[in-house]
Amino acid sequence: MTTDEEMLRVYRHDAHKTRGRPHAHAVDELAGVPVNLKVPYGADANAAALSRPSGSPSQTVETYESHYRLSLLSGESRYDPESFNIGQYRDEIHDLLSVEDALEMHERWLTSELMGAFNESVHYPYTSLKYHTLLVAALVANYRRGAEFEDLWVVVDGPDEITPHRTIFAGETFNLRVTANPAGEPRARLGSRPWRSWASTWERMTEHPQLLPEQIDQRHRKREMFLDAQLRRIQAWSTALQYIEDFVSELGAE
Amino acid sequence: MTVQQVLFGLETDYIGHPYYVSGNAIFHALAPHLDRRTLDAIGVSHGVFVPGQFGVYPDDHSQAGSHPAMGNTLIEPESYADFFLKREQAHSWLLDSKPRDAMNSYQIRVQSGELAMATETFHGRAEHKRQQTDTTQWNIHCYLHSDDPSVLPLPDGVLDGLQFGGRRNFGYGITELKQTATFTLSELSFTELEDADRYLVKFITPYVLTSEHPNTTPHNIPWWWEHETPLRRREEKIAEERELYDLTVVDHGQVVGYGGSEPIKTAKKGIRRIGTHSKYGFGELRVIPVDEESE
């Protein structure tokens, strides 16, 4: 077991958003651990800039103001805000937040479906709390080793390769990682400053991974192209990473 | 060179190439309505999917401010950058105050195991679906070009009601003509490409390296593309008279450094497109000026 308080704080910092309250009015403790925390190195603000516009936020979807994420794939909230009872899932959230091993915490976030049910801001309902948190973790892990944003790359790993805190997406056919030291993997630079650069970064990758499990036939190949086509259009990082997860789970097989 | 921009509205769901409607598909939809001389004299670009939305002019555009119908209308280009307003699929003109990613990704419908692009995208709560503010209609933007001043513009009647993609017999992929606008390349200002510190080249559509189609020869990567790592390639197909031919392409969306010395000339060539099957939409390039100070 590793004790890494700094990283544990990162994974807990936005957990109050599962309760749908902004920072100012949020609970400060969930599952007996502190939440609503400040993150060092400006990593939270940088990760936010990867998925949300700068400036004071405004409601982007007039008819929807909720902390439950809207799916770009289905157009719906995964949980119906009228009937979804957070109490049902409280144990699962508490269980996750009270993990004391930072490495286990990282892996639990990577595989948590529940944390993808929430958005990172009620103003931007298509963003994902899960991938925002994983992006913050990857930035902190790189920054505290002395890297600056402009040194960073996103690289493609195999599906079994998880690097502590730096892996931001773990899928069935590939993983994605943020690192200052790429070693020949398919890759793209994150750029000189954080902005909603997902589509632009995806388009600059030296190679694209196989997106869906086992290509069976031409029809399957076309599904992969549909996903790729959308990834070339989505700008917010957390929205795009969540979209891959949703697409693979709902349309990844016949 | 005469350029005719065309904006189609998507009337029924589309089962076709998910990245774009290829210039080849548009050319073959037009072919039955045109004589041989016209077909020989025109080139047809790929059709880019455009959300029918409000917009704000990007910083490099010759105009400023917002336009309520930016995605639903053709705006006459004055400068080279204006020309690309609807050619890049990220559509940087979409408003940040709106759910731009939802507006710029299409909703997918599964039709007998095949994925189809829906004619409109909903954003917001399901029960509000019918509200206009929560719906985005899809358009398709392409341009025709010719050096023969007598063939363009094509009349509206030829462009209205074209059908693209698969399962056309079942009514998929029907479009309506929304608007066309014609200009000559000599009217376009290229001053933004003078005196930049350096230039980049962005591939708006794929560049064909090899084609199985008869009467084509392999192309190398041009010497004036500067890149440190190999360029991402992709397999692609082109259809002609029910035959499918395999292509190897340099994938679109990538950016390289410009190693040439005549950016304006290259920019004009990029609109006209380069390489194999350039008549059918492949090899469209954009030259991007970079000033080190603003980096």
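These numbers come from the heavy atoms of this one structure, side chains and all, not from hydrogens, waters or symmetry mates. Below, chains carry the letters A, B, ... as their sequence lines are ordered, and counting in each starts from 1. Nothing here was measured: the structure is a model prediction, and the numbers come from that model.
- In this structure, chain A has a heavy atom under 4.5 Å from the side chain of Thr229(B), while its backbone stays farther away.
- In terms of heavy atoms, Leu73(A) sits closest to Gln107(B) at O-CG, 4.3 Å.
- The parts of His208(A) that come within reach of chain B are both its backbone and its side chain, each placing non-hydrogen atoms under 4.5 angstrom from that chain.
- In this structure, OG1 in Thr206(A) is found 8.5 Å from CD in Gln254(B), a value given to the nearest 0.5 Å.
- Within a 6.0 Å radius of CZ in Phe54(B), other residues, nucleotides and ligands contribute 12 heavy atoms or fewer.
- Heavy-atom distances place both the backbone and the side chain of Phe49(B) under 4.5 Å from chain A.
- Interface remark: Tyr106(B) contributes backbone and side-chain atoms alike to the contact with chain A (heavy atom separation under 4.5 Å).
- Side-chain contact, Gln230(A) with Gln89(B): no donor N or O sits under 3.5 Å from an acceptor N or O.
- In this structure, the separation between OG1 on Thr60(A) and CZ on Arg100(B) is 11.5 Å, given to the nearest 0.5 Å.
- Taking OG of Ser54(A) as the reference point, atom CG of Asp96(B) lies at 7.5 Å (rounded to 0.5 Å).
- Within the 4.5 angstrom heavy-atom criterion, no atom of Arg52(A) approaches chain B.
- Contact annotation for His252(B): both backbone and side-chain heavy atoms come within less than 4.5 Å of a heavy atom of chain A.
- Closest approach of Gly16(B) and Phe226(A) over heavy atoms only: O-CE1, 4.5 Å.
- Only the side chain of Arg196(A) comes within less than 4.5 Å of a heavy atom of chain B; its backbone N, CA, C and O stay farther away.
- Considering only heavy atoms from C-beta on, His17(B) stays 4.5 Å or farther from Lys222(A) through its side chain.
- Under a 4.0 Å N-O distance rule, the pair Asp251(B)/Arg232(A) qualifies as a salt bridge.
- Checking side-chain atoms of Asp101(B) against main-chain N and O of Ile234(A) turns up no donor-acceptor pair under 3.5 Å.
- Of all heavy-atom pairs between Met225(A) and Tyr19(B), the closest is O-CE2, 3.6 Å.
- Highest contact tally toward chain B, considering only His123(A), Arg233(A), Glu207(A), is held by Arg233(A) [criterion: heavy-atom pairs under 4.5 Å].
- With a 4.5 angstrom heavy-atom cutoff, Trp202(A) touches chain B only via backbone atoms.
- The part of Ala116(B) that comes within reach of chain A is its backbone (N, CA, C, O), which places non-hydrogen atoms under 4.5 angstrom from that chain.
- Distance CG/Leu115(B) to CD/Glu224(A): 12.0 Å, rounded to 0.5 Å.
- Atom OG of Ser200(A) sits about 10.0 Å away from atom CD of Glu88(B), to the nearest 0.5 Å.
- Using a cutoff of 4.0 Å between basic side-chain nitrogens and carboxylate oxygens, Lys98(B) and Glu62(A) are scored as salt-bridged.
- Taking OG of Ser92(B) as the reference point, atom CD of Gln235(A) lies at 7.5 Å (rounded to 0.5 Å).
- Nearest heavy atom pair, residue Ala229(A) against residue Pro18(B), reads CB-O, 3.4 Å.
- Residue Ile15(B) touches chain A through both its backbone and its side chain, counting heavy-atom pairs closer than 4.5 Å.
- With hydrogens and angles ignored, the 3.5 Å screen pairs a side-chain donor or acceptor of Arg232(B) with a backbone N or O of Met205(A).
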